[in-house]
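One structure below.
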Number of protein chains: 2
Amino acid sequence: MLVSVVNDYPLVVAGVQHLLQPFGERVALTAGPRQRPDVVLYDTFGRAQGPTMRVGELLTRTRSRHLAVYSWNLSEPLVRASFEAGASGYLFKGLPAEQLVEALERVSAGTQVSPQPSSRTKAPSGADWPGRAQGLSVREAEIVALITRGLTNEEIAEQTFLSINSVKTYIRTAYRKMGVTRRPQAVLWGVQHHMTASLGGDEPES
Amino acid sequence: MLVSVVNDYPLVVAGVQHLLQPFGERVALTAGPRQRPDVVLYDTFGRAQGPTMRVGELLTRTRSRHLAVYSWNLSEPLVRASFEAGASGYLFKGLPAEQLVEALERVSAGTQVSPQPSSRTKAPSGADWPGRAQGLSVREAEIVALITRGLTNEEIAEQTFLSINSVKTYIRTAYRKMGVTRRPQAVLWGVQHHMTASLGGDEPES
DNA sequence: AGTCTGCTCACCCCTGGGGGTGGCGTACTC
DNA sequence: GAGTACGCCACCCCCAGGGGTGAGCAGACT
């Protein structure tokens, strides 16, 4: 089974690939987008989710037939919207690696894979994201990444399917860890700490 | 006469040097900070002015004996504060190049050179600054440069000796030319358009 | 003369943002 | 069990920022 991990942040992609590494007999990883992977594993960190995902374009670009969403957010409307947008699977980012591989194999075989409810918030060992080295939680980091793109709190709330209040909370806790107090400082911090997406991103900006 | 042009923005330095180029028989330019220039020409674009300039440190670092401030701002309190801070000359940025050279020669000879009142706002031909290619006036560009450093409007007003209202006005007009509407966007614009100072800057940030 | 550009400033009003407080649930560690 | 961290959310209050309006001055150009 050939898998392509898709996300704008090289650290995130590397972290997921690191997760799958021990399962080399069952999963081959491709970095190139043109090698016809069996499954595209679409990590939602800092990216469009649900109805605004461009599943068709991603599949065309990668010449793959299945796309599995890989996300922390298990809210029912978002999961449903992802399937309606064309995803073949919706995988929880808290899954242990072996279960992740099994789910990918089911997606690759043509089965629609839905997530089980879970409240786990701890990332699997080896996962990575920009800002982690500076003490940001995965959620804080994602918010900061979107701040670094110039989005407003409202826009961030919409993209992450969170309440504006949750966004503000993450900003508050993240700013304390970053040692900043205002948005421009946060943007600069993000630029300096590689929270900007790679230039290959084709994300539509609001 | 050996002159060292000092500013954080290479474009600004290059623009001033370009101005002085035709006077090669009277002015030699040094890029290196350790060649004992006769005069340091301190361009204030995006830098501390007046009482917060560190004239002594600049002179020590460059091993020069005279520092001439080069600024658009001719307000009397700022000029006085500059001399009190240790400057030997205060030169208006609207001066034609020949008069600039003459003024530098007087400074080099040990004369304290004060500016004549002037209302001119047009930069001498050949001057340059970051953002000029994108249509920003020199004043607008300076404000954007300070925004890109993460300063608040109040801090910018203090550093530029302008009213908060003037700062807001420049922000308004600059944002229209830049095609942005919010500060984070402006910071990103500044980063992308080289409005960040070079890393050698020893500017104290508030 | 008129017009345009740039610089400077004032004032009004509203929005985006950020500080605080409080609360809930879960996983994990000791 | 208690404590901590993380995720999620509400509400209060205030500030930083940005949109608008208006005004004045001067230089440069036609």
Identify whether any heavy atom of A/Leu162 sits under 4.0 Å from a base atom; if not, whether one sits that close to sugar-phosphate; answer base, sugar-phosphate or nothing.
sugar-phosphate
Residue pair A/Tyr9 / A/Arg47, side-chain heavy-atom distance below 4.5 Å
no
Going by distance alone, is a donor N or O of one side chain under 3.5 Å from an acceptor N or O of the other, for B/Ser71 and B/Asn73?
no
Pairs under 3.5 Å (N/O, protein and nucleotides 18-23 of chain C):
unit_1	atom_1	unit_2	atom_2	d
C/dG18	OP1	A/Tyr175	OH	3.0
C/dG18	OP1	A/Arg183	N	2.7
C/dG18	OP2	A/Tyr175	OH	3.3
C/dG18	OP2	A/Arg183	NH1	3.1
C/dG18	O6	A/Lys168	NZ	3.2
C/dG19	OP1	A/Thr181	O	3.3
C/dG19	N7	A/Arg172	NH1	3.3
C/dG20	OP2	A/Arg176	NH2	2.4
C/dG20	N7	A/Arg172	NH1	3.3
C/dG20	O6	A/Arg172	NH1	3.3
C/dG20	O6	A/Arg172	NH2	3.3

Find out whether A/Thr30 and A/Val3 are in side-chain contact, i.e. whether some heavy atom of one side chain is under 4.5 Å from a heavy atom of the other.
no
Within the 4.0 Å heavy-atom criterion, would you say A/Lys177 contacts the bases, only the backbone, or no part of the nucleic acid?
sugar-phosphate
Phosphate OP1/OP2 of C/dC9: any B/Asn165 side-chain N/O under 4.0 Å:
no
B/Lys93/B/Asp43 ion pair, N-O < 4.0 Å:
yes
Could you list where the contact with chain A starts and ends along DNA chain D, reading 5' to 3', using a 4.0 Å heavy-atom cut-off?
D/dC6 to D/dC11
Let me know the distance between CD of B/Glu140 and C1' of C/dT8, rounded to the nearest Å.
13 Å
Can you find a pair of side-chain heavy atoms, one from B/Phe92 and one from B/Trp72, that are under 4.5 Å apart?
yes
Looking across every strand, which nucleic acid part, if any, lies under 4.0 Å from B/Ser137 by heavy atom: base, sugar-phosphate, or nothing?
sugar-phosphate
With a 4.0 Å cut-off on heavy atoms, is B/Ser166 in touch with a base, just the backbone sugar-phosphate, or nothing at all?
base
Classify the side-chain pair B/Thr173/B/Glu140 by whether it contains a donor and acceptor separated by less than 3.5 Å.
yes
Are the side chain of B/Gln185 and the backbone of A/Gly150 linked by a donor-acceptor contact shorter than 3.5 Å?
no
Rounded to the nearest 0.5 angstrom, the NZ-OG distance for B/Lys168 and B/Ser163 is 9.5 Å
